[in-house]
Protein chains: 2
Amino acid sequence: MQDKITKILKAIADPTRREIFHALVLAATAMPITQISNQFEISRQGITKHLKTLEEAGLVQINAKGRERYCQADAQPLKEVNQWLKFYEHFWDNALGNLGSYLDSKS
Amino acid sequence: MQDKITKILKAIADPTRREIFHALVLAATAMPITQISNQFEISRQGITKHLKTLEEAGLVQINAKGRERYCQADAQPLKEVNQWLKFYEHFWDNALGNLGSYLDSKS
DNA sequence: TATATTTGCAACCATATAGTTGCATATTAA
DNA sequence: TTAATATGCAACTATATGGTTGCAAATATA
């Protein structure tokens, strides 16, 4: 479909998914889908779809236990976003760009 | 439409837009649209659309001079993404989440 | 002035996305 | 065994997205 970083960025580009992810991170424990969806306005199936997207990005791990599927946040893929961002650190301190300071840092 | 961070994340979630942005950052100089679109396979109008999205996210600044419109990268909005990411730093070092170390850092 | 260049605008298209509802199925509890 | 619960699957809808083409308008060049 698409590369890893794109999947991750697309996953977190949606505000509802960021909320779900955040809730799971704070929960710090695995939660079944229904329990997650109780915390949101949208339907359980809506939540399920978002969880699938998050899972495909590696941001959520799901494992079944009996009839329930326990979902747990995994922040690790965000490292990759951080990596991507890092390159631009050199540039974001002046609005006009700063190739100079980037090149300096290389020497 | 949508909040700032969402606009920024949506802007960089598209691989073509990341490429355009990257090219502009490296160019370190303002470039007219046609000149940018020459570096890509897709049509000029396609590029124009992407530039508009990037502009709305604040990642590109455009100013007209004569019949040309000069585009320039501005990495500053990426700070906001960095800010968002920062919260999850505490969690991305173990796959099972790490609320503990986050809470420790607060004490 | 006549021509070439840079651009914007609008219409269009195919596909993806975010959400819904209804129903079937598997597991657990009474 | 019967009833309740958790879930998946499929179909459907509306809108967004990423791209295209054609054309008109403004500016620059011959």
Side-chain angles (χ1 to χ4, degrees), chain A residues 1-24 27 29-73, chain B residues 1-24 27 29-73:
Chain A
M1 180 219 197
Q2 45 196 6
D3 60 44
K4 204 171 168 188
I5 185 80
T6 302
K7 272 190 200 167
I8 300 168
L9 288 171
K10 287 226 156 110
I12 62 175
D14 182 84
T16 305
R17 276 193 297 267
R18 283 201 303 281
E19 274 189 64
I20 295 172
F21 178 71
H22 196 72
L24 285 175
T29 172
M31 263 193 290
I33 294 177
T34 302
Q35 192 177 332
I36 297 168
S37 81
N38 285 340
Q39 306 174 42
F40 293 89
E41 297 283 283
I42 68 174
S43 68
R44 173 184 56 87
Q45 288 85 342
I47 296 289
T48 296
K49 280 194 178 183
H50 282 309
L51 284 169
K52 196 185 168 198
T53 304
L54 288 165
E55 191 190 19
E56 279 166 5
L59 289 162
V60 161
Q61 280 159 19
I62 307 182
N63 38 58
K65 191 165 190 181
R67 71 183 156 182
E68 288 162 315
R69 299 200 346 161
Y70 284 87
C71 306
Q72 185 163 51
Chain B
M1 180 220 197
Q2 44 195 8
D3 59 43
K4 205 172 169 189
I5 184 81
T6 301
K7 272 189 199 167
I8 300 168
L9 288 171
K10 287 224 158 111
I12 62 175
D14 182 84
T16 305
R17 276 193 297 268
R18 283 201 304 280
E19 275 189 63
I20 294 172
F21 177 70
H22 196 73
L24 284 175
T29 172
M31 264 192 290
I33 295 177
T34 301
Q35 192 178 331
I36 297 168
S37 80
N38 286 339
Q39 306 175 43
F40 293 88
E41 297 283 283
I42 67 174
S43 70
R44 173 184 58 85
Q45 288 85 341
I47 296 289
T48 296
K49 279 195 178 183
H50 283 309
L51 284 169
K52 197 186 167 197
T53 305
L54 287 165
E55 192 190 18
E56 278 166 5
L59 290 162
V60 161
Q61 280 160 19
I62 306 182
N63 37 58
K65 192 164 191 180
R67 70 181 157 182
E68 288 162 316
R69 299 199 347 163
Y70 285 86
C71 306
Q72 186 163 50

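Below, read A as the first sequence line, B as the second, and so on, with proteins coming before strands; counting in each chain starts at 1.
Side chains of B/Glu68 and B/Tyr70: a donor-acceptor N/O pair is present below 3.5 angstrom, by distance only.
Residue B/Lys52 contributes atom NZ, which lies 12 Å from atom C1' of C/dA10 at whole-angstrom precision. Whole-Å rounding puts the B/Arg69 CZ to C/dT5 P distance at 20 Å. Rounded to whole Å, atom P of C/dT7 lies 13 Å from atom CD of B/Glu55. Between the C1' atom of D/dA26 and the CD1 atom of B/Ile33 lies a distance of 14 Å, rounded to the nearest Å. With rounding to whole Å, A/Ile42 atom CD1 is found 8 Å from C/dA18 atom C1'. In this structure, the NZ atom of B/Lys49 is 13 Å from the P atom of C/dC13, given to the nearest Å. The separation between A/Ile47 atom CD1 and D/dA6 atom P is 15 Å, rounded to whole Å. Rounded to whole angstrom, the span from the CD1 atom of A/Ile36 across to the P atom of D/dT5 amounts to 19 Å.
Between B/Leu24 and B/Cys71, the closest heavy-atom pair is CD2-O, 3.8 Å. Taking each heavy atom of B/Asp14 and B/Thr16 in turn, the nearest pair found is OD2-N, 3.0 Å.
When heavy atoms are screened at a 4.0 angstrom cut-off, A/Thr34 is found touching the sugar-phosphate backbone but no base atom. Across all strands, B/Gly46 comes closer than 4.0 Å to base atoms (heavy-atom distances). Residue contacts shown for A/Thr16 are limited to sugar-phosphate atoms, with no base heavy atom under 4.0 Å away. As judged by a 4.0 angstrom heavy-atom cut-off over every strand, B/Lys10 is placed among residues touching the sugar-phosphate backbone only.
The residue among A/Glu41 and A/Glu68 whose nearest nucleotide of DNA chain C lies closer to the 5′ end is A/Glu41.
For the OP1/OP2 pair of D/dG18 and a distance below 4.0 Å, the side-chain nitrogens and oxygens of B/Arg17 include at least one atom meeting the criterion. Contact between the side-chain N/O atoms of A/Ser43 and the OP1/OP2 oxygens of C/dT20 is found at a separation under 4.0 Å.
In this structure, of D/dT7, D/dG8, C/dA18, it is D/dG8 that holds the atom nearest to the side chain of A/Thr48.
A donor-acceptor pair under 3.5 Å is absent between the side-chain atoms of B/Arg69 and the main chain of B/Ala64, judged by distance alone. In this structure, A/Arg17 contributes its side chain and A/Ala11 its backbone to a donor-acceptor pair below 3.5 Å.
If you check distances only, the side chain of A/Arg67 does reach the base of C/dT27 with a donor-acceptor pair under 3.5 Å. Residue B/Arg44 places a side-chain atom within donor-acceptor reach of the base of C/dG8, judged by atom type and a 3.5 Å distance cut-off alone. Side chain B/Gln45 to base D/dG22: a donor-acceptor pair is found below 3.5 Å.
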